[in-house]
Amino acid sequence: MNLEELYLETADERVKLTLACPEKYRVTGQSGLLLNISATADLALHDKVQGTPTTPFLDAGHFVASFDLPCHGERIGEYGEGLLGMGAAYMAGIDMFARFVADGVAAIDACQQRGIGTDGRVVGYGVSRAAYCLLRLAAVDNRLRAVAGPSPCVDWGIPEEFSQSCPRTNTWPLRLDNWVDELADTAVYLSAGSQDDVVGTEIVVRFAMGLFSRQRLACPSDTPLSELHVVASPGHSPSRASRLDATRFLLEHLET
């Protein structure tokens, strides 16, 4: 895997962006960009589970970029680590999800300045919290044409880890339902385990149906954009089949 490190100047941080490049002989005029987000760039690019789409995208001649989520990896700061830190920051008036959106816009800018992911050839993959972040990014940056989000968090009043530092009564403005209109032109892949109590299977299904209804108004009836799969996968972690199917969805959208 050929890696390059770039640095993004956003907010009051200097964020490291890691870009994985396919072998030169695989690069064509149809090569696109996958923004693959996990807790950290290292997991997204190197972990066999969290990085499921990385190798298939590189093998198909596409580039893969990633950076650490706020309050994760090299970006753990004064508010603490993970969702606890993001919740504590939100209560202090700092929206780490909005910060991710700014990071994502800067990441796409940096790649496109190098001729990568131009002509609308940018897609995103993330699980759970990362799925939420990428959907927030897609809501404000239409260069992200498709997002795959297995086991997505769509309502931060549900996960206990977040509500430990941010009471549920404060999370309504963060519900992904608030951005359904802005996602009307985005192809979205969602999957949820039938017994996922961490993000709530019913919550994911309700959000998906609201999104589908909005997209039905925005798009011709014979061209549905998005998919929802409720699968027999226990707990919160997506199955390998779901991760591979999400990868398939994104690759198909770079081929159209």
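Only heavy atoms go into these numbers, but all of them, side chains included; no hydrogens, no water, no symmetry mates.
Listed for the Glu9 side chain is no donor-acceptor partner under 3.5 Å among the backbone atoms of Val15. Without hydrogens or angle criteria, His62 side chain to Gly32 main chain gives a donor-acceptor distance under 3.5 Å. Under the 3.5 Å distance criterion, the side-chain polar atoms of Gln112 are matched with a main-chain donor or acceptor of Gly117. A distance-only check finds a donor-acceptor pair linking the side chain of Ser239 to the backbone of Ser242 [under 3.5 Å]. The backbone N or O of Asn36 sits less than 3.5 Å from a side-chain atom of Ser66, completing a donor-acceptor pair. Looking only at distances, a side-chain donor or acceptor of Thr201 sits under 3.5 Å from a matching main-chain atom of Gly193. Thr171 contributes no side-chain N or O that, together with a main-chain N or O of Leu174, makes up a donor-acceptor pair within less than 3.5 Å. At distances below 3.5 Å, at least one donor-acceptor pair connects side-chain atoms of Arg145 with backbone N or O atoms of Gly120.
When every heavy atom of Ala106 is checked against every heavy atom of Thr10, the shortest pair comes out as CB-CG2, 3.5 Å. Among all heavy-atom pairs drawn from Leu8 and Ala110, the shortest one is CD2-CB, 3.9 Å. Residues Leu250 and Gly124 share a closest heavy-atom pair of CD1-O, 3.4 Å. Closest approach of Thr54 to Ala44, counting heavy atoms only: OG1-O, 2.7 Å. In terms of heavy-atom proximity, Ala187 sits nearest to His253 at CB-CE1, 3.4 Å.
Taking the charged nitrogens against the carboxylate oxygens, Asp119 and Arg121 have no contact shorter than 4.0 Å, which rules out a salt bridge. Residues Arg248 and Glu252 are paired through a salt bridge, judged by an N-O separation under 4.0 Å between the basic side chain and the carboxylate.
Between Asn178 atom CG and Leu183 atom CG the span is 11.0 Å, to the nearest 0.5 Å. A distance of 6.5 Å separates CG of Asp245 from CD of Glu227, quoted to the nearest 0.5 Å.
Among Val127, Val101, Val147, Thr186, the single residue meeting the side chain to side chain contact (heavy atoms under 4.5 Å, CB included) criterion with Leu134 is Val147. Among Leu33, Ile108, Val122, the single residue meeting the side chain to side chain contact (heavy atoms under 4.5 Å, CB included) criterion with Ile116 is Leu33. Considering Leu190, Val154, Leu228 as possible partners of Val205, the one that fulfils the side chain to side chain contact (heavy atoms under 4.5 Å, CB included) test is Leu228.
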Pairs under 3.5 angstrom only: tabulate donor-acceptor contacts from the side chains of residues 72-95 to other protein residues two or more places apart or in another chain.
unit_1, atom_1, unit_2, atom_2, d
His72, ND1, Pro70, O, 2.8
His72, NE2, Arg129, NH1, 2.9
Glu74, OE2, Lys16, NZ, 3.2
Arg75, NE, Glu13, OE1, 3.1
Arg75, NH1, Asp68, O, 2.8
Arg75, NH1, Asp103, OD2, 2.9
Arg75, NH2, Glu13, OE2, 2.7
Arg75, NH2, Asp103, OD2, 2.9
Asp95, OD1, Phe97, N, 2.9
Asp95, OD1, Ala98, N, 3.1

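Looking only at atom types and distance, the side chain of Ser128 has a donor-acceptor partner in the side chain of His236 under 3.5 Å away.
Taking the six-membered ring wherever Trp is involved, the centroid distance between the rings of Phe249 and Tyr125 does not fall below 6.0 Å.
Around CZ of Arg240, the count of heavy atoms belonging to other residues, nucleotides or ligands within 6.0 Å does not exceed 12.
Annotation: side chain of Tyr7 is not in contact with side chain of Leu17 (no heavy-atom distance under 4.5 Å). Between Glu160 and Arg168, some side-chain heavy-atom pair lies under the 4.5 Å cut-off. Counting heavy atoms from C-beta outward, Ser226 and Phe212 have side chains that approach closer than 4.5 Å. Contact of the Asp185 side chain with the Asn142 side chain is not registered, since no non-hydrogen atoms from C-beta on lie closer than 4.5 Å.
Ring geometry, Phe162 versus Trp156: the interplanar angle falls from 30° to 60°, so the pair is classed tilted.
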